[in-house]
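Below, read A as the first sequence line, B as the second, and so on, with proteins coming before strands; counting in each chain starts at 1.
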Protein chains: 2
Amino acid sequence: MAERTTVTMPDEAARRIAPPPSMARLAADAVRKMILTGELQPGDRVVENQLTHQLGVSRPPLREALRVLEQEGLLVQQPRRGVIVVPINLHDVYEIFTLRDQLERMAVELGVPVRSPDRLERCRAALRDLEDAARAGDAATVTDRAFDFHLAVVGLAGHRRLEESYRSLSLQMRLCMGMNQRARVAGEGLWGIVERHRAILATLERGNPQEVLEMLTDHGQHTFVLELGHSLSGRSAEAEAWLERLGRSRSDTALGLEAPRS
Amino acid sequence: MAERTTVTMPDEAARRIAPPPSMARLAADAVRKMILTGELQPGDRVVENQLTHQLGVSRPPLREALRVLEQEGLLVQQPRRGVIVVPINLHDVYEIFTLRDQLERMAVELGVPVRSPDRLERCRAALRDLEDAARAGDAATVTDRAFDFHLAVVGLAGHRRLEESYRSLSLQMRLCMGMNQRARVAGEGLWGIVERHRAILATLERGNPQEVLEMLTDHGQHTFVLELGHSLSGRSAEAEAWLERLGRSRSDTALGLEAPRS
DNA sequence: GCCTTGTCTTCTGTAGACAACGGTGAACTC
DNA sequence: GAGTTCACCGTTGTCTACAGAAGACAAGGC
């Protein structure tokens, strides 16, 4: 009897952790990856028949997958004309970064005072993964792991809906950053990224929410500035204006950003 | 020529506002309504074949609709077992109310200082609709319009993603409140609801974000307390503890709520 | 009498096919 | 020569049909 349970239990556990992968879920993961890796770029048309052949799946589950990605903010539907990868303009960048920042702040306010040991351990594990990726010199993976780290930080709050919203915005943020990734990593260096996240974790361990908030705000604005620098390249006047606003707002609230005109 | 444009333009405009109603979209709207009106209650199984017959639509578009509602947080999928209406426990109520409150605060901080005239007008129109519903004595519509009003307030920020997240949470909130609606309305009275929203609009017009924030926090906690009162009915000890925490946090930050144990 | 096991039904997951709409290009008319 | 119209093609939106799995129920064994 004891043997039987030891045989069946892993099966049950596996099923709970990884439910039998439906084609729709696999398709969603595959297309999401194609978008985040830049294989599909913002504005690109997504033709259902092409993807069905490419992924070896029929259209109904693929369409379900597209609806999911649409809700995640990665695709937009144009009735009778199919879906395209969401085009990102300056205002979108503004929206994504401000809302993400706000959610992160809320998570810290909720999660840091509690400092649940297992959730903190998740953060530490995420940092280790980030370091491993840096050691391997894999820029793309470093970006992925950095996002995972932030997700773990948000996870401190034990707030499922908050985490889910944050995850969705992170995906869109990666979409923004996709094209500029090489330039960004080259500019900062992999270990620069690691160092900044190490500092965040150290602050977390100390458990002072205010300190964490300041650090995260700095970190977020750093990333934001980098992103703006790329998004606005060639429009230096606008870039200047934005950076000036950021400088002003840094001493203010994290929300002290005004929406761009465009 | 001028005639042609005047003929086609309304068509185009209408299409932008109400895209050609695909069966999937209609199905999503119909099922959403069934959930919010309580025809489908939390925990209820949603059987695809039943709905296809009920709605006169075939399964593929219905399944697409279910994926959308799933992303909206109204349904949860149980692999190989279909979907159920999301069950709401105490922790869910906590999550929904805290996150919604935070988003609303962010919207006010962004939107009130600007006070875009057309967006303010949208708020006024929403309040008028609310008053009309109260005049008609229609409790369900009053609830709907109250939510619309809050959505209009959030719309002040001109932040699409913020508004979308807020909308999703409002749906879930309505799911929480669905069952207790009669009791709540009876307890407060339709015009009590109207009066509180009138006060919010008046504050908005004055344009002081801090004032609006205080008012909204009070309003949100009022609703929260009502909801808790119903959710916790029969468990007065827990209810007492929660209310005490609320009392303490009111003078603190709007986020001064700790997660419930369950 | 209770547990186990086998079968049966029901529902989900998926595939393939049809219909309708929109876009594009060429031909025709002015 | 330019504008317009029409027809074709491609794509989406939808439906019907099939395979496979999960749960329910009944019959048999312990």
Chemist: Go through D:dT14, C:dT14, D:dC15 for me and flag the one nearest to the B:R63 side chain.
Modeler: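 In terms of side-chain proximity for B:R63, the closest of D:dT14, C:dT14, D:dC15 is C:dT14.
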Chemist: Closer than 3.5 angstrom, by distance alone: can the side chain of B:S168 be matched with the main-chain N or O of B:E164 as a donor-acceptor pair?
Modeler: no
Chemist: Round to a whole Å and report the spacing from CD of A:Q77 to P of D:dT11.
Modeler: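 In whole Å, D:dT11 P lies 17 Å from A:Q77 CD.
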Chemist: To the nearest angstrom, how far is A:L75 atom CG from D:dT12 atom P?
Modeler: 12 Å
Chemist: Using the benzene-type ring in the case of Trp, are the ring centres of B:H91 and B:Y94 under 6.0 Å apart?
Modeler: yes
Chemist: Quick one: does B:H159's side chain have a donor or acceptor within less than 3.5 Å of a partner on B:G155's backbone?
Modeler: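 Side chain of B:H159 to backbone of B:G155: no pair is present.
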Chemist: Under 4.0 Å between a side-chain N/O of B:Q78 and OP1 or OP2 of D:dA21, yes or no?
Modeler: no
Chemist: Quickly work out the B:E64 CD to D:dG13 C1' distance and round it to whole Å.
Modeler: 8 Å
Chemist: Do NZ/NE/NH1/NH2 and the carboxylate oxygens of B:R124 and B:E121 come within less than 4.0 Å?
Modeler: yes
Chemist: Please name the pair of heavy atoms, one in B:R100 and one in B:S170, separated by the smallest distance, quoted to 0.1 Å.
Modeler: NH1-OG, 3.1 Å
Chemist: Determine whether B:E72 and B:Q172 satisfy the following criterion, side chain to side chain contact (heavy atoms under 4.5 Å, CB included), listing intermediate values before the conclusion.
Modeler: CA-CA 8 Å; B:E72 284 178 355; B:Q172 296 178 51; over 6 Å; no
Chemist: Looking at every heavy atom in both B:Q54 and B:E39, which two are closest together, and how far apart are they?
Modeler: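 What the structure gives for the nearest pair is NE2-OE2, 3.6 Å.
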Chemist: To the nearest 0.5 Å, how far apart are CG in A:L169 and CG in A:D101?
Modeler: 11.0 Å
Chemist: Distance check needed: C:dG16 C1' versus A:H53 NE2, whole Å only.
Modeler: 11 Å
Chemist: May I ask you to evaluate whether B:R80 reaches the phosphate of C:dG13, defined as a side-chain N or O under 4.0 Å from OP1 or OP2?
Modeler: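 False: B:R80 side-chain N/O out of range (4.0 Å or more) of C:dG13 OP1/OP2.
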Chemist: Let me know, please, whether A:P61 or B:V83 comes out on the 5' side of the other along DNA chain C by nearest nucleotide.
Modeler: B:V83
Chemist: Quick one: which protein N/O atoms are closer than 3.5 Å to N/O atoms of nucleotides 8-11 of chain C? Pair and distance per line, please.
Modeler:
none

Chemist: Taking only N/O atoms, report every protein-nucleotides 17-19 of chain C pair under 3.5 Å with atom names and distance.
Modeler:
none

Chemist: Run the numbers on B:V86 and B:I35 for side chain to side chain contact (heavy atoms under 4.5 Å, CB included), then give the verdict.
Modeler: CA-CA 10 Å; B:V86 54; B:I35 295 171; over 6 Å; no
Chemist: Can you measure A:L62 atom CG to D:dG13 atom P for me and round it to whole angstrom units?
Modeler: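 Going from A:L62 (CG) to D:dG13 (P), I get 12 Å.
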Chemist: In whole Å, what is the span from the CG atom of B:L66 to the C1' atom of C:dT12?
Modeler: 11 Å
